[in-house]
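Data first, discussion second: the structure below is written as structure tokens.
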Amino acid sequence: MSLTAPLLSAARALAAGNSEIIVAYAGGPADIPKAWDGLELPHLQALLATMSPSTTVQGDEMDFSPPHERMLARAMQLPDTPGLIPWAALAAQDSTAACAFITPCHWHVTPDQVHQTDPASAPLGEEESRQLLALIAPWFSDDGITLEYLRPDTWLARGEPLRNLATASMDRAMGRDVRPWFPDPIQGAVIQRLQTELQMLLYTNVFNDQRAERGLAPINSFWVHGTGDLAQLPKLPVTAPQTVCVGDLSEAALQGNPQGWREAWKALDQSLIAVLQQRAAKGESIKLTLCGERNAVTWQSKPQGLMDKIKSLFGSKSLPDLRDML
């Protein structure tokens, strides 16, 4: 599950009747190309055959913000610079302070890497999260950063050390070695020092002793994400189509679970994509953006002429090579 950008389930997108859809992790789990082998998505194949594609984000798998976050930011009239999309400022509705999300987490440290564990695998309850927040807030306060509880896995931070600080989305670091995803060592010096100090503070703290008694991994660090300045609150026209980002494929992709991702794609094809196909066939304007780790490609419905309709009677185009495109 993404913790940085606001994602919806396909069911909610269906209920809302959205016609502009972004699908995160449509390209599959990173470094597992065989996830596509033999995968059949008939509704997606039929839908894309009636639409025109255009590449809307060309990036790199090392960009701090994945393509779906950049596409959603554009749709919401936010800056889309990787690592500086102001998700936290938007959540706080704050266009003056420098904001960030703070996610308490467990780092598994070995001689070869510092592995970021999925927060869902070492969950915090609300009372426990508030207890931890009270414990470490003074350390942040000493550096001019205030912390505010949002939900168990996410706190809101405000303070000048966060100003113009590019940070990697939680999606980028989750389940990976965090070291390539640290902020700039000069701009992020305060954050990296706090991470080191809190590792020492929490190492022997009774807070983690209590977690150990319940068989839970210790909380020994935190991740900063969602930074970026919000010059003004976005003002979307009332008549503008609402674009949403669907996250049904995210969990399996981030966990490197190819079978789970395939099953999630099949379910998405039978539900949301099937409905979009039906709506497009009736002449409704549909925009579908599929995102991978590097790129995003948008397909938009186009008016079908007589020849297009005749061709559709004799079979549809094959599904594009989305693994390579995205």
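On a predicted model such as this, the values are computed, not experimentally measured, just so you know.
Ring-plane geometry between His108 and His106 is classed as tilted, the angle between the planes lying from 30 to 60 degrees on a 0 to 90 degree scale. Between Trp181 and Phe64, the angle of the ring planes lies from 30° to 60°, which puts this pair in the tilted group.
Residues Ser285 and Glu20 fail the side-chain proximity criterion, which asks for heavy atoms closer than 4.5 Å. Contact annotation: the side chain of Ile191 approaches that of Leu162 to within less than 4.5 Å [non-hydrogen atoms, C-beta and beyond]. The shortest distance between side-chain heavy atoms of Val114 and Val109 falls below 4.5 Å. With a 4.5 Å cut-off on side-chain heavy atoms, Gln116 and Arg179 do not count as touching. Here the side chains of Leu47 and Trp299 are not in contact, with every heavy-atom distance at 4.5 Å or above. Side-chain contact check for Asp324 versus Trp36: every heavy-atom pair is 4.5 Å or farther apart. Between Ile273 and Ile21 there is no side-chain heavy-atom pair separated by less than 4.5 Å. Here the side chains of Glu128 and Arg214 are in contact, with some heavy-atom distance below 4.5 Å.
Note on Glu293 versus Arg176: salt bridge recorded, some NZ/NE/NH1/NH2 to OD/OE distance being below 4.0 Å.
To the nearest 0.5 angstrom, Leu276 atom CG is 8.5 Å from Glu284 atom CD. Taking CG of Leu288 as the start and CG of Leu48 as the end, the distance is 6.5 Å to the nearest 0.5 Å. Between the CZ atom in Arg262 and the NZ atom in Lys34 there is a gap of 12.0 Å [rounded to 0.5 Å]. For the atom pair CG (Leu230) and CD1 (Ile85), the distance works out to 12.0 Å, reported to the nearest 0.5 Å. From Thr227, atom OG1 reaches atom CH2 of Trp87 across 12.0 Å, with rounding to the nearest 0.5 Å. Going from atom CD of Glu263 over to atom CG of Leu39 covers 9.0 Å, rounded to the nearest 0.5 Å.
With hydrogens and angles disregarded, no donor-acceptor distance shorter than 3.5 Å links the side chain of Arg323 to the backbone of Ala35. Checked by atom type and distance alone, the side chain of Asp229 never pairs as donor or acceptor with a backbone atom of Pro86 at under 3.5 Å. Proximity of a side-chain donor or acceptor of Arg70 to a complementary backbone N or O of Pro82 within less than 3.5 Å is not detected. Side-chain atoms of Thr4 do not come within 3.5 Å of backbone N or O of Ser169 as any donor-acceptor pair. Without hydrogens or angle criteria, Ser301 side chain to Ile286 main chain gives a donor-acceptor distance under 3.5 Å. Listed for the Arg294 side chain is no donor-acceptor partner under 3.5 Å among the backbone atoms of Pro67. No donor-acceptor pair closer than 3.5 Å links the side chain of Asp143 to the backbone N or O of Ile145. With hydrogens and angles ignored, the 3.5 Å screen pairs a side-chain donor or acceptor of Asn208 with a backbone N or O of Leu202. No donor-acceptor pair under 3.5 Å is formed between the side chain of Gln255 and the backbone N or O of Ala252. For Trp223 (side chain) and Ala168 (main-chain N/O), a donor-acceptor pair under 3.5 Å exists by modelled atom type.
In this structure, Asn164 and Leu84 approach most closely via the heavy-atom pair C-CD2, 3.9 Å. The minimum heavy-atom distance linking Tyr25 with Trp261 is given by the pair O-NE1, 2.9 Å. Residues Met174 and Pro119 share a closest heavy-atom pair of CE-CD, 4.2 Å. The shortest non-hydrogen separation linking Ile219 to Pro104 is CG2-CB, 3.9 Å. A pairwise comparison of heavy atoms in Cys99 and Leu156 identifies CB-CD1, 4.2 Å as the closest pair.
Side-chain atoms of Gln195 and Gln199 form no donor-acceptor pair, as typed in the model, at a separation below 3.5 Å.
In the displayed structure, Arg193 atom CZ is contacted under 6.0 Å by more than 12 heavy atoms of other residues, nucleotides or ligands. Enclosure of atom CD in Gln93 by more than 12 non-hydrogen atoms of other residues, nucleotides or ligands within 6.0 angstrom is indicated. Heavy atoms from other residues, nucleotides or ligands lying under 6.0 Å from CD of Glu40 number 12 at most.
Taking hydrophobic clusters as Ile, Leu, Val, Met, Phe, Trp and Tyr residues chained together by side-chain heavy-atom distances below 4.5 Å, Val190 does not share a cluster with Phe101.
Checking Thr154, Thr167, Thr103 one by one against His225, the side chain to side chain donor-acceptor pair (under 3.5 Å) holds for a single residue, Thr103.
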Next item on the list: Any chance you could lay out the side chain to side chain contact (heavy atoms under 4.5 Å, CB included) test for Arg74 and Val57, step after step, and finish with the verdict?
Entry: CA-CA 11 Å; Arg74 291 180 189 180; Val57 166; 3.7 Å; yes
Notebook entry, point to check: Would Leu322 and Met325 satisfy side chain to side chain contact (heavy atoms under 4.5 Å, CB included), going step by step from the backbone distance to the final call?
Noted result: CA-CA 5 Å; Leu322 298 177; Met325 293 176 70; 4.1 Å; yes
Next item on the list: Begin from the C-alpha positions of Ile22 and Val246 and carry the test side chain to side chain contact (heavy atoms under 4.5 Å, CB included) through to its verdict.
Entry: CA-CA 6 Å; Ile22 300 167; Val246 172; over 6 Å; no
Next item on the list: Start with the C-alpha gap between Met71 and Thr298, add the side-chain angles, then the distance that decides, and say whether side chain to side chain contact (heavy atoms under 4.5 Å, CB included) holds.
Entry: CA-CA 10 Å; Met71 289 301 302; Thr298 295; 4.0 Å; yes
